[in-house]
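The structure appears below as C-alpha coordinates.
Throughout, a chain's letter reflects where its sequence line sits, starting with A, and its residues are numbered from 1.
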There are 2 protein chains.
Amino acid sequence: MPDVKHFDPEVALDQVMTLFWRRGAEATGIAEVVQATGLSRSSLYATFGGKERLQAAALGRYLERQSRPVLDALAADTRGVPAITAFFERLVAARCTGEHARWGCLVTNTHATAGGGPPEIREILDRHHDALRAAMRAALEAARAKGRLRPGLDPEAVAEALTLQAYAVNLRSRAGAEADVLLAGVRAVVDAFTLAEER
Amino acid sequence: MPDVKHFDPEVALDQVMTLFWRRGAEATGIAEVVQATGLSRSSLYATFGGKERLQAAALGRYLERQSRPVLDALAADTRGVPAITAFFERLVAARCTGEHARWGCLVTNTHATAGGGPPEIREILDRHHDALRAAMRAALEAARAKGRLRPGLDPEAVAEALTLQAYAVNLRSRAGAEADVLLAGVRAVVDAFTLAEER
DNA sequence: CCTATCTTGGAATGATCGTTCCAAGATAGG
DNA sequence: CCTATCTTGGAACGATCATTCCAAGATAGG
(Lines give C-alpha, C1' and ligand atoms only; values in the text may rest on other atoms or scores of the structure.)
Protein backbone atom coordinates (compact mmCIF):
# COMPACT_ATOMS: atom_id res chain seq x y z
CA MET A 1 0.00 0.00 0.00
CA PRO A 2 2.55 2.60 1.04
CA ASP A 3 4.56 4.89 -1.15
CA VAL A 4 8.03 3.80 -2.17
CA LYS A 5 11.30 5.76 -2.17
CA HIS A 6 11.74 8.10 -5.11
CA PHE A 7 15.50 7.64 -5.17
CA ASP A 8 18.18 4.95 -4.96
CA PRO A 9 19.78 4.91 -1.49
CA GLU A 10 22.87 3.21 -2.92
CA VAL A 11 23.48 6.04 -5.34
CA ALA A 12 22.85 8.60 -2.64
CA LEU A 13 25.33 6.95 -0.29
CA ASP A 14 27.95 6.95 -3.01
CA GLN A 15 27.44 10.68 -3.44
CA VAL A 16 27.70 11.29 0.29
CA MET A 17 30.86 9.20 0.48
CA THR A 18 32.44 11.20 -2.30
CA LEU A 19 31.46 14.46 -0.63
CA PHE A 20 32.82 13.44 2.77
CA TRP A 21 36.00 12.16 1.16
CA ARG A 22 36.67 15.36 -0.74
CA ARG A 23 35.53 17.94 1.78
CA GLY A 24 35.96 16.10 5.07
CA ALA A 25 33.03 14.63 6.93
CA GLU A 26 33.09 16.95 9.93
CA ALA A 27 33.50 20.03 7.77
CA THR A 28 30.52 19.10 5.60
CA GLY A 29 27.10 20.39 6.62
CA ILE A 30 23.80 18.65 6.04
CA ALA A 31 22.89 21.43 3.62
CA GLU A 32 25.79 20.35 1.40
CA VAL A 33 24.67 16.75 1.59
CA VAL A 34 21.16 17.79 0.58
CA GLN A 35 22.52 19.73 -2.37
CA ALA A 36 24.90 16.98 -3.50
CA THR A 37 22.32 14.21 -3.34
CA GLY A 38 19.28 16.21 -4.42
CA LEU A 39 17.38 14.63 -1.54
CA SER A 40 15.27 16.45 0.98
CA ARG A 41 16.18 16.46 4.65
CA SER A 42 13.20 14.22 5.33
CA SER A 43 14.38 11.48 3.00
CA LEU A 44 17.92 11.80 4.26
CA TYR A 45 17.02 11.33 7.90
CA ALA A 46 14.42 8.66 7.16
CA THR A 47 16.94 6.64 5.19
CA PHE A 48 20.25 7.09 6.98
CA GLY A 49 19.43 8.53 10.40
CA GLY A 50 21.46 11.41 11.82
CA LYS A 51 24.83 12.64 10.67
CA GLU A 52 26.86 10.31 12.84
CA ARG A 53 25.23 7.25 11.34
CA LEU A 54 25.52 8.74 7.88
CA GLN A 55 29.22 9.25 8.47
CA ALA A 56 29.69 5.64 9.54
CA ALA A 57 27.71 4.43 6.53
CA ALA A 58 29.77 6.56 4.16
CA LEU A 59 32.99 5.24 5.71
CA GLY A 60 31.74 1.68 5.32
CA ARG A 61 30.88 2.40 1.73
CA TYR A 62 34.35 3.79 1.13
CA LEU A 63 35.88 0.59 2.44
CA GLU A 64 33.66 -1.42 0.19
CA ARG A 65 34.03 0.61 -2.98
CA GLN A 66 37.53 2.05 -2.74
CA SER A 67 39.65 0.06 -0.30
CA ARG A 68 38.33 -3.43 -0.76
CA PRO A 69 39.15 -3.83 -4.47
CA VAL A 70 42.70 -2.61 -3.92
CA LEU A 71 43.20 -4.79 -0.85
CA ASP A 72 41.80 -7.84 -2.59
CA ALA A 73 44.02 -7.21 -5.58
CA LEU A 74 47.04 -6.99 -3.31
CA ALA A 75 46.14 -10.14 -1.39
CA ALA A 76 45.47 -12.07 -4.60
CA ASP A 77 48.60 -10.89 -6.39
CA THR A 78 51.00 -13.82 -6.05
CA ARG A 79 53.97 -12.11 -7.65
CA GLY A 80 55.49 -11.17 -4.31
CA VAL A 81 57.62 -8.04 -4.30
CA PRO A 82 56.19 -6.72 -7.58
CA ALA A 83 52.73 -6.92 -6.04
CA ILE A 84 53.80 -4.66 -3.20
CA THR A 85 55.60 -2.28 -5.52
CA ALA A 86 52.58 -2.09 -7.80
CA PHE A 87 50.31 -1.43 -4.83
CA PHE A 88 52.35 1.57 -3.76
CA GLU A 89 52.82 2.91 -7.27
CA ARG A 90 49.08 2.84 -7.85
CA LEU A 91 48.48 4.34 -4.44
CA VAL A 92 50.74 7.30 -5.05
CA ALA A 93 49.32 7.79 -8.53
CA ALA A 94 45.74 7.75 -7.24
CA ARG A 95 46.54 10.18 -4.43
CA CYS A 96 48.46 12.70 -6.53
CA THR A 97 46.84 12.58 -9.97
CA GLY A 98 43.48 12.02 -11.56
CA GLU A 99 39.97 12.51 -10.34
CA HIS A 100 40.72 12.17 -6.63
CA ALA A 101 44.07 13.93 -6.51
CA ARG A 102 44.81 15.56 -3.15
CA TRP A 103 41.70 14.05 -1.59
CA GLY A 104 43.78 11.75 0.57
CA CYS A 105 42.08 8.63 1.91
CA LEU A 106 38.81 8.80 3.82
CA VAL A 107 39.97 6.13 6.25
CA THR A 108 43.25 7.90 6.90
CA ASN A 109 41.61 11.29 7.24
CA THR A 110 39.13 9.85 9.71
CA HIS A 111 41.98 8.69 11.94
CA ALA A 112 42.89 12.27 12.70
CA THR A 113 39.36 13.21 13.69
CA ALA A 114 38.49 9.94 15.44
CA GLY A 115 40.08 10.99 18.72
CA GLY A 116 37.33 10.72 21.29
CA GLY A 117 34.89 9.94 18.49
CA PRO A 118 32.30 7.16 18.59
CA PRO A 119 33.74 3.65 19.13
CA GLU A 120 31.77 2.48 16.10
CA ILE A 121 34.00 4.56 13.86
CA ARG A 122 37.17 3.40 15.55
CA GLU A 123 36.19 -0.21 15.07
CA ILE A 124 35.79 0.38 11.35
CA LEU A 125 39.25 1.92 11.26
CA ASP A 126 40.73 -1.04 13.11
CA ARG A 127 39.03 -3.53 10.82
CA HIS A 128 40.44 -1.73 7.81
CA HIS A 129 43.86 -1.67 9.38
CA ASP A 130 43.79 -5.41 10.00
CA ALA A 131 42.61 -6.06 6.46
CA LEU A 132 45.37 -3.98 4.89
CA ARG A 133 48.01 -5.57 7.08
CA ALA A 134 46.73 -9.03 6.23
CA ALA A 135 46.89 -8.26 2.52
CA MET A 136 50.42 -6.93 2.93
CA ARG A 137 51.35 -10.04 4.81
CA ALA A 138 50.00 -12.28 2.09
CA ALA A 139 52.10 -10.46 -0.48
CA LEU A 140 55.11 -10.72 1.80
CA GLU A 141 54.66 -14.46 2.18
CA ALA A 142 54.56 -14.75 -1.58
CA ALA A 143 57.78 -12.77 -1.76
CA ARG A 144 59.36 -15.00 0.82
CA ALA A 145 58.34 -18.11 -1.13
CA LYS A 146 60.21 -16.68 -4.08
CA GLY A 147 63.26 -16.00 -1.95
CA ARG A 148 62.93 -12.27 -2.41
CA LEU A 149 62.29 -11.43 1.23
CA ARG A 150 65.33 -10.62 3.30
CA PRO A 151 65.92 -13.45 5.79
CA GLY A 152 65.26 -13.00 9.48
CA LEU A 153 62.39 -10.57 9.08
CA ASP A 154 59.15 -10.86 11.01
CA PRO A 155 56.45 -10.73 8.33
CA GLU A 156 53.88 -9.40 10.74
CA ALA A 157 56.05 -6.47 11.76
CA VAL A 158 57.03 -5.78 8.16
CA ALA A 159 53.37 -5.85 7.14
CA GLU A 160 52.58 -3.37 9.90
CA ALA A 161 55.42 -1.13 8.75
CA LEU A 162 54.26 -1.15 5.13
CA THR A 163 50.72 -0.46 6.23
CA LEU A 164 51.89 2.52 8.23
CA GLN A 165 53.81 3.70 5.19
CA ALA A 166 50.61 3.64 3.15
CA TYR A 167 48.80 5.74 5.74
CA ALA A 168 51.53 8.34 5.62
CA VAL A 169 51.39 8.50 1.83
CA ASN A 170 47.66 9.18 2.07
CA LEU A 171 48.18 11.80 4.71
CA ARG A 172 50.98 13.69 3.03
CA SER A 173 49.31 13.60 -0.37
CA ARG A 174 46.32 15.51 0.98
CA ALA A 175 48.64 18.27 2.13
CA GLY A 176 50.15 18.48 -1.34
CA ALA A 177 53.25 16.27 -1.20
CA GLU A 178 54.95 15.55 -4.52
CA ALA A 179 54.44 12.14 -6.07
CA ASP A 180 58.11 11.50 -6.70
CA VAL A 181 59.09 12.28 -3.13
CA LEU A 182 56.47 9.89 -1.80
CA LEU A 183 57.54 7.24 -4.28
CA ALA A 184 61.18 7.58 -3.31
CA GLY A 185 60.22 7.07 0.31
CA VAL A 186 58.16 3.94 -0.21
CA ARG A 187 60.70 2.51 -2.65
CA ALA A 188 63.40 2.90 -0.02
CA VAL A 189 61.32 0.91 2.46
CA VAL A 190 60.32 -1.84 0.06
CA ASP A 191 63.88 -2.16 -1.21
CA ALA A 192 65.18 -2.43 2.33
CA PHE A 193 62.90 -5.36 3.03
CA THR A 194 63.71 -7.25 -0.13
CA LEU A 195 66.65 -8.83 -1.92
CA ALA A 196 67.62 -7.89 -5.44
CA GLU A 197 66.14 -10.11 -8.10
CA GLU A 198 68.38 -12.89 -9.30
CA ARG A 199 69.15 -13.05 -12.94
CA MET B 1 49.18 56.22 28.63
CA PRO B 2 47.09 53.32 27.54
CA ASP B 3 46.06 50.31 29.51
CA VAL B 4 48.15 47.15 29.19
CA LYS B 5 47.02 43.54 28.77
CA HIS B 6 45.81 41.86 31.92
CA PHE B 7 47.10 38.47 30.81
CA ASP B 8 50.15 36.82 29.27
CA PRO B 9 49.57 36.08 25.58
CA GLU B 10 52.26 33.41 25.67
CA VAL B 11 50.47 31.48 28.39
CA ALA B 12 47.16 31.89 26.59
CA LEU B 13 48.60 30.59 23.33
CA ASP B 14 49.98 27.55 25.12
CA GLN B 15 46.53 26.84 26.48
CA VAL B 16 44.96 27.21 23.04
CA MET B 17 47.59 24.93 21.51
CA THR B 18 46.88 22.26 24.09
CA LEU B 19 43.16 22.57 23.51
CA PHE B 20 43.44 22.34 19.73
CA TRP B 21 45.84 19.43 20.06
CA ARG B 22 43.56 17.43 22.30
CA ARG B 23 40.18 18.27 20.85
CA GLY B 24 41.05 19.13 17.25
CA ALA B 25 41.21 22.69 16.02
CA GLU B 26 38.20 22.57 13.72
CA ALA B 27 36.06 20.80 16.28
CA THR B 28 36.85 23.40 18.94
CA GLY B 29 34.57 26.41 19.24
CA ILE B 30 35.57 29.87 20.36
CA ALA B 31 33.45 29.35 23.47
CA GLU B 32 35.76 26.53 24.49
CA VAL B 33 38.80 28.68 23.86
CA VAL B 34 37.30 31.40 26.02
CA GLN B 35 36.66 28.94 28.81
CA ALA B 36 40.10 27.30 28.60
CA THR B 37 42.01 30.57 28.58
CA GLY B 38 39.77 32.55 30.88
CA LEU B 39 40.00 35.43 28.41
CA SER B 40 37.09 37.38 27.04
CA ARG B 41 36.25 37.30 23.37
CA SER B 42 37.46 40.89 23.08
CA SER B 43 40.94 40.11 24.33
CA LEU B 44 41.10 36.99 22.23
CA TYR B 45 40.29 38.75 18.97
CA ALA B 46 42.38 41.81 19.81
CA THR B 47 45.41 39.66 20.50
CA PHE B 48 45.24 36.83 17.99
CA GLY B 49 42.74 37.89 15.33
CA GLY B 50 40.12 35.45 14.10
CA LYS B 51 40.07 31.71 14.48
CA GLU B 52 42.08 30.98 11.36
CA ARG B 53 44.97 33.09 12.56
CA LEU B 54 44.64 31.63 16.03
CA GLN B 55 44.87 28.17 14.53
CA ALA B 56 48.02 29.05 12.63
CA ALA B 57 49.54 30.60 15.74
CA ALA B 58 48.73 27.53 17.82
CA LEU B 59 50.25 25.28 15.18
CA GLY B 60 53.39 27.41 15.14
CA ARG B 61 53.55 27.24 18.89
CA TYR B 62 53.23 23.46 18.75
CA LEU B 63 56.19 23.29 16.41
CA GLU B 64 58.19 25.48 18.71
CA ARG B 65 57.29 23.84 22.00
CA GLN B 66 56.73 20.20 21.08
CA SER B 67 58.37 19.36 17.78
CA ARG B 68 61.43 21.55 17.82
CA PRO B 69 63.04 20.11 20.98
CA VAL B 70 62.60 16.57 19.70
CA LEU B 71 63.87 17.42 16.23
CA ASP B 72 66.86 19.27 17.60
CA ALA B 73 67.66 16.37 19.90
CA LEU B 74 67.53 13.99 16.97
CA ALA B 75 69.69 16.17 14.76
CA ALA B 76 72.24 16.70 17.53
CA ASP B 77 72.40 13.05 18.55
CA THR B 78 75.58 11.76 16.93
CA ARG B 79 75.15 8.14 17.96
CA GLY B 80 73.68 7.16 14.59
CA VAL B 81 71.25 4.26 14.64
CA PRO B 82 70.65 4.48 18.41
CA ALA B 83 69.58 8.08 17.90
CA ILE B 84 66.90 7.02 15.45
CA THR B 85 65.76 4.14 17.60
CA ALA B 86 65.54 6.39 20.63
CA PHE B 87 63.54 8.93 18.65
CA PHE B 88 60.92 6.38 17.72
CA GLU B 89 60.79 4.78 21.15
CA ARG B 90 60.15 8.15 22.74
CA LEU B 91 57.63 9.00 20.05
CA VAL B 92 55.58 5.86 20.61
CA ALA B 93 55.79 6.29 24.38
CA ALA B 94 54.63 9.91 24.17
CA ARG B 95 51.74 9.04 21.85
CA CYS B 96 50.45 6.05 23.80
CA THR B 97 51.17 6.85 27.44
CA GLY B 98 51.34 9.79 29.77
CA GLU B 99 49.73 13.19 29.72
CA HIS B 100 49.16 13.37 25.98
CA ALA B 101 48.26 9.75 25.29
CA ARG B 102 45.96 9.29 22.28
CA TRP B 103 46.20 12.98 21.39
CA GLY B 104 48.21 12.20 18.28
CA CYS B 105 50.33 15.01 16.85
CA LEU B 106 48.86 18.41 16.05
CA VAL B 107 50.93 18.64 12.87
CA THR B 108 49.86 15.20 11.71
CA ASN B 109 46.22 15.79 12.58
CA THR B 110 46.29 19.06 10.68
CA HIS B 111 47.40 17.24 7.53
CA ALA B 112 44.05 15.49 7.33
CA THR B 113 42.08 18.71 7.62
CA ALA B 114 44.40 20.88 5.53
CA GLY B 115 42.86 19.78 2.25
CA GLY B 116 41.78 22.97 0.56
CA GLY B 117 42.71 24.88 3.70
CA PRO B 118 44.67 28.13 3.74
CA PRO B 119 48.11 27.96 2.08
CA GLU B 120 49.58 29.48 5.23
CA ILE B 121 48.81 26.29 7.14
CA ARG B 122 50.17 24.08 4.39
CA GLU B 123 53.44 25.97 4.36
CA ILE B 124 53.84 25.37 8.07
CA LEU B 125 53.25 21.67 7.50
CA ASP B 126 55.82 21.59 4.72
CA ARG B 127 58.40 23.41 6.81
CA HIS B 128 57.90 20.92 9.60
CA HIS B 129 58.21 18.06 7.17
CA ASP B 130 61.48 19.39 5.82
CA ALA B 131 62.82 19.91 9.32
CA LEU B 132 61.98 16.39 10.43
CA ARG B 133 63.44 14.89 7.29
CA ALA B 134 66.62 16.93 7.72
CA ALA B 135 66.99 15.76 11.31
CA MET B 136 66.48 12.18 10.20
CA ARG B 137 69.05 12.64 7.51
CA ALA B 138 71.59 13.99 9.96
CA ALA B 139 71.12 10.94 12.14
CA LEU B 140 71.43 8.71 9.10
CA GLU B 141 74.69 10.33 8.07
CA ALA B 142 76.01 9.70 11.55
CA ALA B 143 74.98 6.08 11.23
CA ARG B 144 76.69 5.85 7.87
CA ALA B 145 79.89 7.30 9.32
CA LYS B 146 79.85 4.50 11.85
CA GLY B 147 79.32 1.92 9.15
CA ARG B 148 75.90 1.00 10.47
CA LEU B 149 73.93 2.13 7.42
CA ARG B 150 73.28 -0.49 4.77
CA PRO B 151 75.35 0.37 1.70
CA GLY B 152 73.73 1.63 -1.47
CA LEU B 153 70.90 3.46 0.23
CA ASP B 154 69.85 6.97 -0.71
CA PRO B 155 69.88 8.85 2.62
CA GLU B 156 67.35 11.37 1.39
CA ALA B 157 64.85 8.71 0.44
CA VAL B 158 65.47 6.81 3.66
CA ALA B 159 64.96 10.00 5.65
CA GLU B 160 61.69 10.57 3.84
CA ALA B 161 60.60 7.02 4.57
CA LEU B 162 61.38 7.32 8.28
CA THR B 163 59.58 10.65 8.42
CA LEU B 164 56.51 9.06 6.87
CA GLN B 165 56.72 6.28 9.46
CA ALA B 166 56.62 8.86 12.21
CA TYR B 167 53.49 10.46 10.75
CA ALA B 168 51.76 7.11 10.63
CA VAL B 169 52.66 6.38 14.25
CA ASN B 170 51.09 9.68 15.24
CA LEU B 171 48.01 8.99 13.17
CA ARG B 172 47.40 5.45 14.37
CA SER B 173 48.07 6.31 17.98
CA ARG B 174 45.20 8.79 17.99
CA ALA B 175 42.85 6.05 16.85
CA GLY B 176 44.00 3.84 19.71
CA ALA B 177 46.76 1.67 18.21
CA GLU B 178 48.76 -0.40 20.68
CA ALA B 179 52.26 0.76 21.55
CA ASP B 180 53.91 -2.61 20.96
CA VAL B 181 52.37 -2.97 17.51
CA LEU B 182 53.61 0.47 16.50
CA LEU B 183 57.04 -0.25 17.95
CA ALA B 184 57.30 -3.54 16.08
CA GLY B 185 56.51 -1.72 12.84
CA VAL B 186 59.08 1.04 13.24
CA ARG B 187 61.70 -1.42 14.50
CA ALA B 188 61.25 -3.48 11.35
CA VAL B 189 61.87 -0.41 9.21
CA VAL B 190 64.88 0.83 11.15
CA ASP B 191 66.38 -2.65 11.25
CA ALA B 192 65.93 -3.02 7.52
CA PHE B 193 67.91 0.14 6.87
CA THR B 194 70.76 -0.74 9.18
CA LEU B 195 73.41 -3.36 9.68
CA ALA B 196 73.79 -5.31 12.90
CA GLU B 197 76.26 -3.84 15.31
CA GLU B 198 79.71 -5.35 15.24
CA ARG B 199 81.05 -6.82 18.38
C1' DC C 1 -11.43 4.67 -7.20
C1' DC C 2 -10.51 4.60 -2.34
C1' DT C 3 -7.68 4.77 1.38
C1' DA C 4 -4.05 3.32 4.46
C1' DT C 5 0.79 4.12 4.55
C1' DC C 6 4.92 5.76 3.41
C1' DT C 7 7.70 9.61 1.21
C1' DT C 8 8.67 14.25 0.19
C1' DG C 9 9.44 19.28 0.27
C1' DG C 10 10.43 22.77 3.03
C1' DA C 11 9.43 25.62 6.98
C1' DA C 12 10.77 25.95 11.71
C1' DT C 13 13.44 24.61 15.83
C1' DG C 14 16.91 25.74 19.33
C1' DA C 15 21.78 25.43 19.64
C1' DT C 16 26.11 26.87 18.42
C1' DC C 17 29.20 28.94 15.05
C1' DG C 18 32.70 32.97 14.44
C1' DT C 19 32.63 37.75 14.82
C1' DT C 20 31.49 42.60 16.15
C1' DC C 21 30.39 46.20 19.12
C1' DC C 22 30.11 49.28 23.05
C1' DA C 23 30.03 50.89 27.60
C1' DA C 24 32.77 50.34 31.71
C1' DG C 25 37.32 49.58 33.71
C1' DA C 26 42.25 49.95 33.99
C1' DT C 27 46.50 52.18 33.04
C1' DA C 28 50.29 55.56 32.88
C1' DG C 29 52.18 59.98 31.01
C1' DG C 30 51.35 64.78 32.01
C1' DC D 1 44.42 64.07 39.71
C1' DC D 2 43.26 64.22 34.94
C1' DT D 3 42.62 62.30 30.63
C1' DA D 4 43.90 60.03 26.39
C1' DT D 5 44.23 55.29 25.12
C1' DC D 6 43.98 50.71 25.42
C1' DT D 7 41.67 46.50 27.50
C1' DT D 8 37.87 44.02 29.22
C1' DG D 9 33.33 41.82 30.01
C1' DG D 10 29.52 40.47 27.90
C1' DA D 11 25.52 41.39 25.10
C1' DA D 12 24.22 40.99 20.46
C1' DC D 13 24.77 39.77 15.50
C1' DG D 14 23.62 37.04 11.43
C1' DA D 15 24.95 32.66 9.67
C1' DT D 16 24.98 28.00 9.93
C1' DC D 17 24.67 23.74 12.63
C1' DA D 18 21.93 19.13 13.08
C1' DT D 19 17.39 17.85 13.75
C1' DT D 20 12.20 17.80 13.92
C1' DC D 21 7.81 18.35 12.20
C1' DC D 22 3.74 18.54 9.32
C1' DA D 23 0.93 19.15 5.45
C1' DA D 24 0.88 17.67 0.70
C1' DG D 25 2.08 14.12 -2.65
C1' DA D 26 2.78 9.50 -4.27
C1' DT D 27 1.96 4.70 -4.14
C1' DA D 28 -0.30 0.14 -4.36
C1' DG D 29 -3.44 -3.34 -2.22
C1' DG D 30 -8.35 -3.79 -1.97
Open item on the list: Please check: side-chain N/O of B:Ser43 versus main-chain N/O of B:Leu39, any donor-acceptor pairing under 3.5 Å?
Closed with: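 Not confirmed, B:Ser43 side chain does not pair with B:Leu39 backbone.
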Task: Donor-acceptor contact below 3.5 Å, side chain B:Arg174 vs main chain B:Trp103 - done: yes
Task: Nearest-nucleotide comparison on DNA chain C, the residue closer to the 5′ end among A:Ser43 and B:Gly49 - done: A:Ser43
- [ ] Identify, residue by residue, the members of residues 19-36 of chain A with a heavy atom below 4.0 Å from DNA chain D, and return them in order of residue number, or none.
- [x] A:Thr28, A:Gly29, A:Ile30
Task: Selected nucleotide, minimal atom distance to B:Lys51 side chain, candidates D:dA18, C:dG18, D:dT8 - done: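 The nucleotide sitting nearest to the side chain is C:dG18.
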Open item on the list: Under 3.5 Å, is there any donor-acceptor pair linking the side chain of B:Arg41 to the base of C:dT20?
Closed with: no
- [ ] Look at the rings of B:His129 and B:Tyr167 and say which category their plane angle falls in: under 30° parallel, 30 to 60° tilted, over 60° perpendicular.
- [x]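 Parallel.
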- [ ] For A:Arg79, enumerate each residue passing the salt bridge (Lys or Arg N to Asp or Glu O under 4.0 Å) test, keeping only those at least two apart in sequence or located in another chain.
- [x]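 With neighbours one apart ignored, the set is A:Asp77.
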Taking atom [atom1] of [X] as the centre, report whether more than 12 heavy atoms of other residues, nucleotides or ligands fall under 6.0 Å from it.
X        : atom1 : result
A:Glu120 : CD    : no
B:Glu64  : CD    : yes
B:Glu32  : CD    : yes

- [ ] Convert the base pairs of DNA chain D into dot-bracket notation, remembering that pairs crossing earlier ones are written with [ ] and that bases paired across to another strand are shown as |; include only Watson-Crick or G-U pairs under 3.5 Å.
- [x] ||||||||||||||||||||||||||||||
Rounding to a whole Å, what distance do you find between [X]:[atom1] and [N]:[atom2]?
X       : N      : atom1 : atom2 : value
B:Leu44 : C:dC17 : CG    : C1'   : 14 Å
B:Tyr45 : D:dC13 : OH    : C1'   : 12 Å
B:Leu54 : C:dT19 : CG    : C1'   : 13 Å
A:Lys5  : D:dT27 : NZ    : C1'   : 13 Å

- [ ] Examine D:dT8: is either OP1 or OP2 under 4.0 Å from a nitrogen or oxygen in the side chain of B:Ser40? Give yes or no.
- [x]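 The answer is no; no side-chain N or O of B:Ser40 sits under 4.0 Å from OP1 or OP2.
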Taking only nitrogen or oxygen atoms into account, show me every contact under 3.5 Å that the protein makes with nucleotides 22-26 of chain D, one pair per line with its distance.
from: D:dG25; atom 1: N2; to: A:Asp3; atom 2: OD2; distance (Å): 3.3

TODO: Report the residues that fulfil side-chain contact (heavy atoms from CB on, under 4.5 Å) with A:Arg144, sequence neighbours left out, ordered by chain and then residue number.
DONE: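 Here the qualifying residues are A:Glu141, A:Leu149, A:Pro155.
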Task: With sequence neighbours excluded, residues passing side-chain contact (heavy atoms from CB on, under 4.5 Å) with B:Val81 - done: B:Thr85, B:Ala143, B:Arg148, B:Val190, B:Thr194
Task: Salt-bridge present (B:Arg61, B:Glu10; N to O < 4.0 Å) - done: yes
Task: Cationic N near anionic O, under 4.0 Å, B:Asp130 to B:Arg133 - done: yes
